[in-house]
Amino acid sequence: CNLQPKDAAKMPESAWKLLFYSLSWSYGAYLLFCTDYPFFHDPPSVFYDWKQGMEVPTDIAIAYLLQCSFYGHSLYATAYMDTWRKDSVVMLLHHVVTLTLIASSYAFRGCPAVRTRLCTKPLGCAAALPFPGSRDWDARAAGGCAGPVPCQGGAEPPLSLCPGRFWFRLYWFPLKVLYATCHSSLQAVPNIPFYFFFNALLLVLTLMNIYWFLYIVLFVAKVLLGQMQEVNDVREYDVEESRNA
């Protein structure tokens, strides 16, 4: 692929995230469309017959384990392995919020507010599966960050990924998850525990999705206005420094 040393250094982590997101997306699609769970077509159903202390189904527990372990790794990788970018602090905060959501939900025996998020989230990753060796929006789908940019071949995924990321992160997420957790939950379980705690964290994640989508809009605007001679990650400090030099 004739990768530059900087890109080659990012290849292992990008390849790992490509593998994880592919498996995570497949397992999430399996839970949503190949089982009896109606979460996708009827999100409020996750609250039906829910009781405190109820047993978490094994297949859902596996999803908890996969996502929690991945975000634990991502927290370390963002702090010590990834290139430090303008959004790295927000990315660290995202991982902390997500870990808190998942761990707290499992501790409270599969709180449905997070179970809905857990099962539908992998589909959002479909909008930004990482391109190993790309020039680098490497697998930021975990936090809703703008997706990968072209490999050396020259195609331009970000332009085509914008509608997908908007649809998954800023349309389906509020429609499928936030509506169910903020509104339907109170109708199904009037005294549902930790209502404000879980919904506050989900709203924080929504704000992060908006924040990262603005990076995509900025990137596309620079490309369309001819302000970028080559495809670069607008979040990186060295890109801005080289442009000002």
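- In terms of hydrophobic clustering, with Ile, Leu, Val, Met, Phe, Trp and Tyr side chains grouped at heavy-atom distances under 4.5 Å, F194 and V204 are assigned to a common cluster.
- The shortest side-chain heavy-atom distance between T78 and H94 does not fall under the 4.5 Å cut-off.
- Taking OG from S74 and CD from Q67, the interatomic distance works out to 9.5 Å, rounded to the nearest 0.5 Å.
- Atom CG of N199 and atom CG of L178 lie 7.5 Å apart (nearest 0.5 Å).
- Using a 4.5 Å cut-off on side-chain heavy atoms (C-beta onward), F166 and I216 make no contact.
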Go through it in stages, so that I can follow the logic: the residues are V46 and Y37, the test is side chain to side chain contact (heavy atoms under 4.5 Å, CB included), and I'd like the CA-CA distance, side-chain angles, deciding distance and then a yes or no.
CA-CA 8 Å; V46 75; Y37 298 123; over 6 Å; no
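- Atom CG of L31 sits about 11.5 Å away from atom CG of D36, to the nearest 0.5 Å.
- The hydrophobic cluster containing Y48 does not contain V189, counting ILVMFWY residues as joined when their side-chain heavy atoms lie under 4.5 angstrom apart, directly or transitively.
- Here the side chains of L214 and L218 are not in contact, with every heavy-atom distance at 4.5 Å or above.
- A perpendicular orientation is assigned to the rings of F33 and F40, their planes being inclined by more than 60° (bins at 30° and 60°).
- Residue I192 comes nearest to S185 through the heavy atom pair CD1-CB, 4.2 Å, listed as atom of the first residue, atom of the second, then distance.
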Determine whether T100 and F197 satisfy the following criterion, side chain to side chain contact (heavy atoms under 4.5 Å, CB included), listing intermediate values before the conclusion.
CA-CA 10 Å; T100 303; F197 172 73; 3.8 Å; yes
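- T181 places a side-chain N or O within 3.5 Å of a backbone atom of V177 that can act as its donor or acceptor partner.
- Minimum heavy-atom separation, V56 to A61: CG1-N, 3.9 Å.
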Report the C-alpha distance between K176 and F39 in whole Å, list the side-chain angles of each, state the deciding distance to 0.1 Å, and finish with yes or no for side chain to side chain contact (heavy atoms under 4.5 Å, CB included).
CA-CA 9 Å; K176 300 287 186 181; F39 301 155; over 6 Å; no
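- Between Y211 and Y215, the angle of the ring planes goes over 60°, which puts this pair in the perpendicular group of the 30/60° scheme.
- Within the 4.5 Å cutoff, the side chain of I60 has heavy atoms near those of the Y64 side chain.
- For F47 against A180, the heavy-atom pair with the smallest separation is CE1-O, 3.2 Å.
- With contacts defined as side-chain heavy-atom distances shorter than 4.5 Å, the pair W25/Y21 does not qualify.
- Put simply, the side chain of Y106 does not reach to within 4.5 Å of the side chain of L65, judged on heavy atoms.
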Step by step, would you call D59 with Y30 a side-chain hydrogen bond (donor to acceptor under 3.5 Å, both in side chains)?
CA-CA 10 Å; D59 50 3; Y30 164 75; 5.5 Å; no
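- L205 contributes atom CG, which lies 9.5 Å from atom CZ of R169 (distance to the nearest 0.5 angstrom).
- Of all non-hydrogen atoms in W84 and L92, the two that sit nearest each other are CH2-CD1, 3.7 Å.
- With a 4.5 Å cut-off on side-chain heavy atoms, F198 and S105 count as touching.
- Within the model, atoms CD1 of I102 and CG of L201 stand 11.5 Å from one another, a figure rounded to the nearest 0.5 Å.
- Cluster annotation: F70 and Y76 are assigned to distinct hydrophobic clusters (Ile/Leu/Val/Met/Phe/Trp/Tyr, side-chain heavy-atom contacts under 4.5 Å, transitive).
- With hydrogens and angles ignored, the 3.5 Å screen pairs no side-chain donor or acceptor of Y195 with any backbone N or O of P190.
- Side-chain heavy atoms closer than 4.5 Å link hydrophobic residues (I, L, V, M, F, W, Y) into clusters, and following such links, even through other members, never connects Y80 to L93.
- Of all non-hydrogen atoms in W167 and Y171, the two that sit nearest each other are O-CB, 3.3 Å.
- M81 and M11 end up in different hydrophobic clusters when Ile, Leu, Val, Met, Phe, Trp and Tyr side chains are linked at under 4.5 Å.
- Proximity of a side-chain donor or acceptor of S88 to a complementary backbone N or O of R85 within less than 3.5 Å is detected.
- Ring-plane geometry between W16 and H73 is classed as perpendicular, the angle between the planes exceeding 60 degrees on a 0 to 90 degree scale with a lower cut at 30.
- Y71 places none of its side-chain heavy atoms less than 4.5 Å from the side chain of L101.
- The minimum heavy-atom distance between L75 and L99, with the atom names listed, is CD2-CD1, 4.1 Å.
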